[in-house]
Amino acid sequence: MCDINKSYELSAYVKAENLTKDGFYMAILPVDSKNRALGWYFVNEFSEHKAINKTSGTHDWKRISHVVDGKSFDEKTVKLQIYCFMMPI
């Protein structure tokens, strides 16, 4: 269960080859007790995109991470769904 009074760290190890700008990213979708989406998490109020933990280019295994303050989620949030996206070349 998601506790809005805690912080959460989302991290992953990613190996990339010829990824375009922001070619790989992760996103968080908070959901309520009835498994209804409450809207994508945005890094801040000025974000135009839900992407966090972005990477691109070519590199060996690299840890990417982002810390999220639980207070940034709607109070109805009971769990977080994590999505990984890779953009085609």
Side-chain angles (χ1 to χ4, degrees):
M1 185 169 272
C2 180
D3 183 345
I4 62 171
N5 295 308
K6 293 184 178 181
S7 292
Y8 296 89
E9 180 179 16
L10 175 63
S11 66
Y13 284 91
V14 178
K15 184 176 182 179
E17 184 175 339
N18 299 324
L19 285 178
T20 58
K21 182 177 184 272
D22 301 335
F24 172 86
Y25 66 92
M26 299 171 76
I28 300 173
L29 184 63
V31 297
D32 66 14
S33 62
K34 295 184 179 177
N35 217 30
R36 292 180 295 210
L38 298 172
W40 290 103
Y41 164 79
F42 289 87
V43 175
N44 61 49
E45 61 191 73
F46 304 108
S47 293
E48 297 176 7
H49 202 273
K50 62 187 175 287
I52 57 175
N53 291 1
K54 300 182 266 187
T55 191
S56 59
T58 298
H59 56 78
D60 203 355
W61 290 106
K62 173 174 136 180
R63 184 176 185 266
I64 55 175
S65 67
H66 180 80
V67 176
V68 180
D69 183 354
K71 290 179 177 55
S72 61
F73 300 122
D74 185 293
E75 62 186 24
K76 297 176 193 153
T77 301
V78 296
K79 67 180 178 178
L80 304 172
Q81 294 179 348
I82 310 302
Y83 292 83
C84 298
F85 298 90
M86 192 169 82
M87 305 307 284
I89 296 174

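Computed from a predicted model, the values in this text were never measured in an experiment. Because only heavy atoms are used, hydrogens play no part in the values below, and waters and symmetry mates are left out as well, while side chains stay in. Counting begins at 1 with the first residue of the sequence.
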*Could you give the distance from NE2 (His66) to OG (Ser11), rounded to the nearest 0.5 Å?*
12.0 Å

*After noting the C-alpha distance and the side-chain angles of Val31 and Arg36, does the key distance pass the side-chain contact (heavy atoms from CB on, under 4.5 Å) rule?*
CA-CA 5 Å; Val31 297; Arg36 292 180 295 210; over 6 Å; no

*asked:* Could you report the tightest heavy-atom contact between Leu10 and Met26, atom names first, then the distance?
replied: CD1-CE, 3.5 Å

*asked:* A quick test of your reading: do over 12 heavy atoms of other residues, nucleotides or ligands sit less than 6.0 Å from CD of Glu9?
replied: yes

*Given side chains that start at C-beta, do those of Asp60 and Lys15 come closer than 4.5 Å, heavy atoms only?*
yes

*Is Asp74 reaching over with its side chain to a backbone N or O of Pro30, donor-acceptor style, under 3.5 angstrom?*
no

*Would you check if Gln81 and Asn35 make a side-chain contact, meaning some heavy-atom pair closer than 4.5 Å?*
yes

*Between atom CD1 of Ile52 and atom CD1 of Ile82, what is the distance when rounded to the nearest 0.5 Å?*
7.0 Å

*Least distance between heavy atoms, Val67 atom then Ser7 atom*: CG1-CB, 4.2 Å

*What pair of heavy atoms forms the shortest contact from Thr20 to Ser56, and how long is it?*
O-CB, 3.0 Å

*Do Val68 and Leu38 sit in the same hydrophobic cluster, where Ile, Leu, Val, Met, Phe, Trp and Tyr count as joined when their side-chain heavy atoms come under 4.5 Å apart?*
no

*Which atom pair, heavy atoms only, marks the closest approach of Thr55 to Lys62?*
OG1-NZ, 3.5 Å

*CG on Asp69 to OH on Tyr8, rounded to 0.5 Å*: 10.0 Å

*Shortest non-hydrogen contact from Phe73 toward Tyr41*: CE2-CD1, 3.7 Å

*Might you point out which heavy atoms bring Phe85 and Tyr83 nearest each other, and give the distance in Å?*
CE1-CB, 3.5 Å

*Can you tell me if Thr58 uses its side chain to pair, donor with acceptor, with the backbone of Asn18 under 3.5 Å?*
yes

